[in-house]
Amino acid sequence: MVESFNAAVYQVVQRIPAGKVATYGQVAALAGNPHSARFVGYALHSNPSPGVIPCHRVVFRDGSLAPGFAFGGPDRQRGLLEEEGVLFIPPVSGHRNAGDPGWCVDMEHCQWQA
DNA sequence: AGATTGACCCAAA
DNA sequence: TTTTGGGCCAATC
């Protein structure tokens, strides 16, 4: 593997099946850097690769979305995920909700398992 | 050319 | 229980 960490991230994200979602940590680990979840999000933010990367399938560990989504807003993302069959659930108390207090992905049933 | 920030996640104090 | 710090790579100023 000689491709940059960035490229590895893109490969993993594209590998996520429809109707499933992966977390930044999950993608980072599959990319080969379990301790670099930060750069996963940054890679997508900086180099969305000609729109080939389904960033909307990448969510927080809690199931919420990144604060600065780039597809047109978090609303757009929820619609896309729902279209693919991802289940959404209201914010669960006792869980870390980081950014979007609106809706969270049902990680219990929709998290992508490599 | 060098320094800083940036879509995160986990562990320890 | 909450808060702080650490860890990594790449792009941008």
Side-chain angles (χ1 to χ4, degrees):
Chain A
M1 275 302 232
V2 293
E3 275 119 350
S4 307
F5 170 69
N6 200 312
V9 172
Y10 302 141
Q11 290 295 310
V12 174
V13 175
Q14 290 178 65
R15 204 158 97 190
I16 301 171
K20 299 276 175 152
V21 293
T23 69
Y24 286 96
Q26 184 88 43
V27 175
L30 292 171
N33 291 42
H35 281 282
S36 303
R38 309 176 83 193
F39 321 114
V40 175
Y42 189 45
L44 300 173
H45 173 71
S46 179
N47 268 359
S49 250
V52 185
I53 305 168
C55 304
H56 58 272
R57 286 187 196 151
V58 185
V59 298
F60 272 72
R61 195 59 172 163
D62 313 349
S64 59
L65 314 179
F69 200 61
F71 277 87
D75 291 325
R76 183 64 183 194
Q77 202 209 14
R78 180 165 62 100
L80 289 170
L81 291 174
E82 281 190 330
E83 280 298 308
E84 298 196 341
V86 176
L87 301 179
F88 270 76
I89 59 177
V92 182
S93 56
H95 228 266
R96 302 166 148 205
N97 11 355
D100 197 351
W103 291 81
C104 297
V105 180
D106 187 353
M107 306 302 287
E108 298 295 311
H109 293 106
C110 293
Q111 183 173 186
W112 173 52
Q113 38 189 301

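Each chain gets a letter, A, B and so on, in the order the sequences are listed, and its residues count up from 1.
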Just the table, please: protein N/O against nucleotides 1-4 of chain B N/O, every pair under 3.5 Å.
none

Mind listing the closest non-hydrogen atom pair of A/Ala8 and A/Ala31 along with its distance? CB-O, 3.7 Å
In Å and rounded to the nearest 0.5 Å, what is the CH2 to CG distance from A/Trp112 to A/Leu30? 5.0 Å
Give me the atom names and distance for the closest heavy-atom approach of A/Ala28 to A/Ala37. CB-CA, 3.7 Å
Tell me every residue that passes side chain to side chain donor-acceptor pair (under 3.5 Å) with A/Asn33, counting only those two or more places apart in sequence or in another chain. none
Are the side chains of A/Phe88 and A/Cys104 in touch, meaning some heavy atoms are under 4.5 Å apart? no
Check whether any side-chain heavy atom of A/Met107 sits under 4.5 Å from a side-chain heavy atom of A/Thr23, and report yes or no. yes
Rounding to a whole Å, what distance do you find between A/Leu65:CG and B/dC8:P? 12 Å
Interatomic distance where NE2 belongs to A/His56 and C1' belongs to B/dA7 [whole Å]: 15 Å
Please state how far atom OH in A/Tyr24 lies from atom P in B/dC10, giving the value in whole angstrom units. 14 Å
With C1' as the reference atom in both, quote the distance from C/dA10 to B/dC10 in angstrom, rounded to an integer. 22 Å
With sequence neighbours excluded, residues passing side-chain contact (heavy atoms from CB on, under 4.5 Å) with A/Glu84: A/Ala18, A/His56, A/Arg57
For nucleotides 6-13 of chain C, read 5' to 3', which letter fits each nucleotide if B means a protein heavy atom sits under 4.0 Å from the base, S means only the sugar-phosphate is that close, and - means neither? -BBBBBS-
Got a second to check how far A/Leu65's CG is from A/Arg76's CZ, nearest 0.5 Å? 14.0 Å
Quick one: which protein N/O atoms are closer than 3.5 Å to N/O atoms of nucleotides 1-5 of chain C? Pair and distance per line, please.
none

In terms of heavy-atom contacts, A/Leu87 and A/Cys110 come closest through N-SG, 3.3 Å
Can you run down the ring pair (Phe, Tyr, Trp, His ring centres under 6.0 Å) pairs that involve residues 5-48 of chain A, sequence neighbours left out, and say none if there aren't any? A/Tyr24-A/Phe60
